[in-house]
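Atoms considered below: every heavy atom in the structure, side chains included; atoms not considered: hydrogens, waters and symmetry mates.
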Amino acid sequence: MSLHKLRLAAAVPVTISTFSSRLFLKPFPNTLTLGLFSRRLQPRKPLLVRAFSASAAVQDIPANQTTVSSVARRPQWKASIDFKWIRDNKEAVEINIKNRNSNADLDAVLELYENMVNLQKEVERLREERNNVAKKMKGKLEPSERDRLVEEGKYLKESLVSLEEDLVKLKDELQHVAQSIPNMTHPDVPVGGEDSSAIRKEVGCPREFNFPIKDHLQLGKDLDLIDFDSAAEVSGSKFFYLKNEAVLLEMALLNWTLSQVMKKGYTPLTTPEIVRSSIVEKCGFQPRGDNTQVYSIDGTDQCLIGTAEIPLGGIHMDSILLESALPLKYIAFSHCFRTEAGAAGAATKGLYRVHQFSKAEMFVICRPEDSEFFHHELIQIEEDLFTSLGLHFKTLDMATADLGAPAYRKFDIEAWMPGFGRFGEITKAGDWEYATAHLNHFRRVLIKAKQTFQLLSLCTL
């Protein structure tokens with residue numbers, strides 16, 4: 001039985017909570033009992049073992065990869081970027097950077113890489129010389145020869161210390177510059193900006209009304225469903241209180257979404273909403289970069305999550321997954337927090353582009369060769385959900401320039417929003433190939449497909 005070791009972002013203990021049907025407009029069907037939750041985790045074939053477990057099934061992590069207990073001594077995390085592959089496929093990477101409208105500096109990356117390779121060779125040469133000197137010192141030597149070797153050993157030691165420090169700095173600089181290189185792109189993705197995105201599917205048509213329609217802000221005020229003013233006083237702009245039936249609507253949508261997705265074999269989770277900064281970075285986000293969308297907690301190495309995919313991405317840290325246990329399919333609910341840096345205009349009013357919202361997210365860990373199949377499964381599930389809700393929507397195969405740096409391919413679903421008089425994004429389904437430049441941390445082990453279902457976005461219709 002083959003094993004895949006995933007050295008993922010972080011160990012995140014998961015608590016699977018039960019829900020009280022009294023909190024929902026639409027209670028769980030009788031089949032969605034705690035027993036079913038248990039059956040979703042059955043059969044209990046070994047899905048994974050923790051790398052630090054005492055189980056006989058555990059494959060030990062090599063000693064040079066073990067976690068250092070002292071935080072101060074813990075080495076800085078670096079993505080395992082395949083620089084040789086980038087160098088050998090320079091033309092393809094250049095074209096991809098251009099198509100993705102990225103500002104990545106490939107020439108700088110390759111220059112730093114060559115400098116690092118040459119410096120590494122020099123370090124290894126000096127280490128070999130130092131070892132040879134040490135071997136010679138073990139034999140019988142004339143005093144003058146021993147004194148000479150002692151001086152030579154001191155010189156080599158001092159030279160090595162200096163070069164090794166330079167090598168560490170060079171590797172850090174290379175890592176920093178190289179992480180701007182976007183992932184390679186699926187060959188079927190349309191090339192160009194957002195306007196070049198291709199329509200995969202369109203369902204329904206805009207509803208016709210024989211009366212003046214109100215947007216969700218006016219409806220929320222008239223029906224006492226949403227309170228932006230009080231939230232602005234308490235928390236600032238782009239926050240809100242949901243009230244009365246709006247609260248029940250959100251919970252009913254969550255309940256219904258979980259029940260529908262669980263029928264497809266997905267395990268329900270709630271996740272931590274504070275994670276370590278390193279986990280955020282390993283999932284392809286910049287927690288403290290320019291125009292970051294991430295809220296960082298001062299004085300700590302922790303951040304608020306902007307999406308449940310971050311704690312989901314770390315749930316199997318330092319674990320060995322049995323290939324026979326794949327795929328692992330999750331549907332997770334969480335609150336999400338985003339700075340929405342740079343967001344402005346009419347497209348951000350009301351419940352659109354807020355700092356805090358609720359979201360259910362599907363997440364699949366599978367074999368690379370199965371990724372496309374599960375990516376389409378996710379898209380089909382979300383299309384079925386929105387068709388069941390009677391929405392007019394379209395699914396877009398997003399063009400290259402609209403893909404985030406880690407994305408291999410992405411499908412967005414946009415629903416018609418009468419109050420805005422336009423389509424607006426309500427979900428995205430991304431296939432993230434952690435096998436090339438940007439996040440090669442996973443070393444061709446898996447492709448992660450994820451789906452986002454923004455519950456509150458439905459209120460903007």
Indicate every side-chain donor-acceptor pair of residues 156-167 with a distance under 3.5 Å to a residue at least two apart or in another chain.
| from | atom 1 | to | atom 2 | distance (Å) |
| --- | --- | --- | --- | --- |
| Ser159 | OG | Tyr155 | O | 2.9 |
| Glu164 | OE2 | Arg127 | NE | 3.2 |
| Glu164 | OE2 | Arg127 | NH2 | 2.9 |

inquiry  = Can you classify the ring geometry of His355 versus Tyr295 as parallel (below 30°), tilted (30 to 60°) or perpendicular (above 60°)?
reply    = perpendicular
Sidechain-backbone polar pair: Ser259 side chain, Trp256 backbone, donor-acceptor under 3.5 Å:
yes
Side-chain contact test, heavy atoms from C-beta onward, threshold under 4.5 Å: evaluate it for Val117 versus Phe83 and give yes or no. no
Residues pairing under ring-ring contact (aromatic ring centres under 6.0 Å, His included) where one sits in residues 156-175, two or more places apart or in two chains, turn out to be none
Side-chain heavy atoms of Ile274 within contact of Ile305, under 4.5 Å: no
task = Please lay out, stage by stage, how Ile81 and Gln179 fare under the test side chain to side chain contact (heavy atoms under 4.5 Å, CB included).
result = CA-CA 8 Å; Ile81 300 173; Gln179 285 188 10; 4.2 Å; yes
- prompt: Is the shortest side-chain N to carboxylate O distance from Asp301 to Arg276 below 4.0 Å?
  reply: yes
*asked:* Please check: side-chain N/O of Lys329 versus main-chain N/O of Phe374, any donor-acceptor pairing under 3.5 Å?
replied: no
Check your understanding: Do side-chain atoms of Thr339 reach the backbone of Thr292 as a donor and acceptor pair under 3.5 angstrom?
Key -> yes
Contacts satisfying ring-ring contact (aromatic ring centres under 6.0 Å, His included) that involve residues 165-185 (not counting sequence neighbours) are none
How about Met116 and Lys171: do any of their side-chain heavy atoms sit closer than 4.5 Å? yes
Do Ile315 and Leu269 make a side-chain contact, defined as non-hydrogen atoms from C-beta onward lying under 4.5 Å apart?
yes
For Glu194, the salt bridge (Lys or Arg N to Asp or Glu O under 4.0 Å) test, sequence neighbours excluded, returns none
Heavy atoms of Gly193 and Ala399 approach each other most closely as O-CB, 3.0 Å
Within the 4.5 Å heavy-atom criterion, are Pro406 and Asn183 side-chain neighbours or not? no
*So with a 6.0 Å cut-off around CD of Glu128, is the heavy-atom count from everything else above 12?*
no
In terms of heavy-atom contacts, Val354 and Lys238 come closest through CB-O, 3.5 Å
Heavy atoms of Met184 and Tyr408 approach each other most closely as O-CD1, 3.3 Å
Just do the side-chain hydrogen bond (donor to acceptor under 3.5 Å, both in side chains) check on Ser334 and Glu361 with the steps written out, would you?
CA-CA 8 Å; Ser334 75; Glu361 177 135 358; over 6 Å; no
Tell me whether the count of non-hydrogen atoms from other residues, nucleotides or ligands lying under 6.0 Å of CD in Glu91 goes above 12. no
Task: Test side chain to side chain contact (heavy atoms under 4.5 Å, CB included) applied to Asp370 and Val364, step by step - done: CA-CA 10 Å; Asp370 297 331; Val364 177; over 6 Å; no
The side-chain hydrogen bond (donor to acceptor under 3.5 Å, both in side chains) partner of Glu382 among Thr257, Thr395, Thr427 is Thr427
- Task: Side-chain contact test, heavy atoms from C-beta onward, threshold under 4.5 Å: evaluate it for Leu385 versus Leu389 and give yes or no.
- Result: no
Salt bridge flag under 4.0 Å for residues Arg200 and Glu383: yes
Q.
Would Tyr266 and Leu378 count as a side chain to side chain contact (heavy atoms under 4.5 Å, CB included) here? Give the steps.
A. CA-CA 11 Å; Tyr266 287 72; Leu378 295 173; 3.2 Å; yes
For Thr387, the side-chain contact (heavy atoms from CB on, under 4.5 Å) test, sequence neighbours excluded, returns Val203, Phe393
For Glu129, the salt bridge (Lys or Arg N to Asp or Glu O under 4.0 Å) test, sequence neighbours excluded, returns Arg125
Sorted by chain and residue number, the salt bridge (Lys or Arg N to Asp or Glu O under 4.0 Å) partners of Lys121 (sequence neighbours excluded) come out as none
With sequence neighbours left out, the residues meeting ring-ring contact (aromatic ring centres under 6.0 Å, His included) with Phe337 are none
Contacts of Ala108 meeting side-chain contact (heavy atoms from CB on, under 4.5 Å) (sequence neighbours excluded), chain-then-number -> Asp105, Val177
Taken in chain and number order and not counting sequence neighbours, the residues that satisfy salt bridge (Lys or Arg N to Asp or Glu O under 4.0 Å) with Glu414 are none
Rounded to the nearest 0.5 angstrom, the CD1-CG distance for Ile413 and Leu396 is 9.0 Å
**Item:** Heavy-atom side-chain contact between Glu173 and Lys169 under 4.5 Å
**Value:** no
Here the gap from His186 atom NE2 to Leu403 atom CG, rounded to the nearest 0.5 Å, amounts to 11.5 Å
field: N/O donor-acceptor pair under 3.5 Å between Thr400 side chain and Gly192 backbone
entry: yes
In this structure, CZ of Phe357 is separated from CZ of Arg338 (nearest 0.5 Å) by 3.5 Å
Value for CD1 (Ile310) from CD (Glu273), rounded to nearest 0.5 Å, stands at 11.5 Å
His335 meets the ring-ring contact (aromatic ring centres under 6.0 Å, His included) criterion, sequence neighbours left out, with Phe333
Are the side chain of Arg100 and the backbone N or O of Gly404 linked by a donor-acceptor pair below 3.5 Å?
-> yes
Is any side-chain heavy atom of Phe239 closer than 4.5 Å to a side-chain heavy atom of Val234? no
Shortest non-hydrogen pair, Lys264 vs Ile381, comes out as CG-CD1, 3.8 Å
| task | Begin from the C-alpha positions of Trp85 and Val93 and carry the test side chain to side chain contact (heavy atoms under 4.5 Å, CB included) through to its verdict. | result | CA-CA 10 Å; Trp85 187 93; Val93 176; 3.8 Å; yes
Rounding to 0.5 Å, atoms CG (Asp402) and CG (Asp195) come to a distance of 10.0 Å
When every non-hydrogen atom of Cys336 is compared with those of Thr307, the smallest separation belongs to SG-CA, 3.8 Å
Taking every heavy atom of Cys366 against every heavy atom of Pro327, the minimum-distance pair comes out as CB-CB, 4.0 Å
Hits for side-chain contact (heavy atoms from CB on, under 4.5 Å) against Asn115, two or more places apart or cross-chain, chain-then-number order -> Glu111, Leu170
Hey, are Glu122 and Asn118 close enough side-chain-wise for a donor-acceptor pair under 3.5 Å? no
CZ (Arg87) and CG (Asp82) are apart, to the nearest 0.5 Å, by 10.0 Å
